[in-house]
Amino acid sequence: MSALICTIALLLITPTSLSSELASGIVRQGITVALANRPPAALTTSIQPADDVARATAVLRAVFASAERGDLAALDTLYAGDSLTVVEGAGINRGWADYRDHHLGPELKSMKNFLYRPLEIVVRVSGQYAWATFRYDLKGEMNGRQLDNVGRGTAILERRGTGVGARWVVRHTQTSSRARRATDAPAS
């Protein structure tokens, strides 16, 4: 019975694009499992407690709001220090100090009328880690150039600590954006 439970648990955290070998092996063993993009609500609760999803989502919203305000001190508490990686387009920063000093800080100093808003944040939690996908609007003026971009991103968060003192920090982000097209929704 425990093998069946482990198999079902594995299926809940495995992407739905299972290899045909794995899927046919499951069927050969007489186990029928309906695969969907999301597990049933009753199972979701045990895998990703609502409070963890809400807290991880709040951290991501705080990252956007802090960046919009240019508040590097607040961002210092939201990012994972030396274990942070940030990928934007073809560039990568390793560690909060590298990202802050060589990328984000200079960008924020040169940005005027900055709007940076997250949309459609979807968070999943498993144990000490959470991952998220999101869309975002980025608008402002940098070095005399008008920006009005739409973007998508992913983030990986880590829960540090236990109990009441536990907090989520961002370990990794990947974002990319393009200029807003006439067919895109207006900035939020």
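From a predicted model like this one, the values you see are computed outputs, not experimental measurements.
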Examine [X] and [Y] and state if one hydrophobic cluster contains both, with Ile, Leu, Val, Met, Phe, Trp and Tyr joined whenever side-chain heavy atoms are less than 4.5 Å apart.
X    : Y    : value
Y99  : M142 : yes
I121 : V150 : no
V170 : V86  : yes
L115 : Y136 : no

Over all heavy atoms of both residues, which pair between [X] and [Y] is shortest? Give the atoms and the distance, please.
X    : Y    : value
A179 : N149 : CA-OD1, 3.5 Å
G161 : Q128 : O-NE2, 4.2 Å
K139 : A187 : CD-CB, 3.9 Å
A80  : S83  : O-OG, 2.9 Å

message: Taking side-chain hydrogen bond (donor to acceptor under 3.5 Å, both in side chains) as the definition, give me every residue that meets it alongside D184, ordered by chain and number, with sequence neighbours left out.
response: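 Listed in chain order: R178.
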
query: Quick one: do D82 and R94 make a salt bridge, cutoff under 4.0 Å?
result: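 The answer is no: the pair does not qualify as a salt bridge.
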
Atom pair [atom1]/[atom2] of [X] and [Y] - distance to nearest 0.5 Å:
X    : Y    : atom1 : atom2 : result
R55  : T57  : CZ    : OG1   : 12.0 Å
T175 : R135 : OG1   : CZ    : 14.5 Å
E141 : D148 : CD    : CG    : 13.0 Å
E88  : S177 : CD    : OG    : 8.0 Å
T173 : I156 : OG1   : CD1   : 9.5 Å
L147 : L138 : CG    : CG    : 6.0 Å

- request: Show your working on side chain to side chain contact (heavy atoms under 4.5 Å, CB included) between R171 and R160 and close with a plain yes or no.
  value: CA-CA 11 Å; R171 288 277 311 255; R160 294 194 171 166; 4.0 Å; yes

Would you say that [X] contacts [Y] through its side chain, given a criterion of any heavy-atom pair below 4.5 Å between the two side chains?
X    : Y    : answer
V59  : L157 : yes
V169 : R167 : yes
V123 : F134 : no

Could you go through residues 62-78 and list every donor-acceptor pair under 3.5 Å that involves a side-chain atom there, pairing it with any protein atom two or more places apart or in another chain?
unit_1 : atom_1 : unit_2 : atom_2 : d
S66    : OG     : A62    : O      : 2.8
S66    : OG     : R69    : NH2    : 3.3
E68    : OE1    : Y116   : N      : 2.7
E68    : OE1    : R117   : NE     : 2.8
E68    : OE2    : R117   : NE     : 3.4
E68    : OE2    : R117   : NH2    : 3.0
R69    : NH2    : D71    : OD2    : 3.3
D71    : OD1    : A73    : N      : 3.3
D71    : OD1    : A74    : N      : 3.0
D76    : OD1    : W96    : NE1    : 2.9
T77    : OG1    : A74    : O      : 2.7

Side chain to side chain contact (heavy atoms under 4.5 Å, CB included) evaluation trace for R180 with D137: CA-CA 9 Å; R180 184 178 312 279; D137 286 335; 3.1 Å; yes

ring-ring contact (aromatic ring centres under 6.0 Å, His included) contacts touching residues 142-188 (sequence neighbours left out):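 Non-adjacent pairs meeting ring-ring contact (aromatic ring centres under 6.0 Å, His included): zero.
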
- request: Please confirm whether the backbone N or O of G127 pairs with a side-chain atom of R159, one donor and one acceptor, at under 3.5 Å?
  value: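 Side chain of R159 to backbone of G127: a pair is present.
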
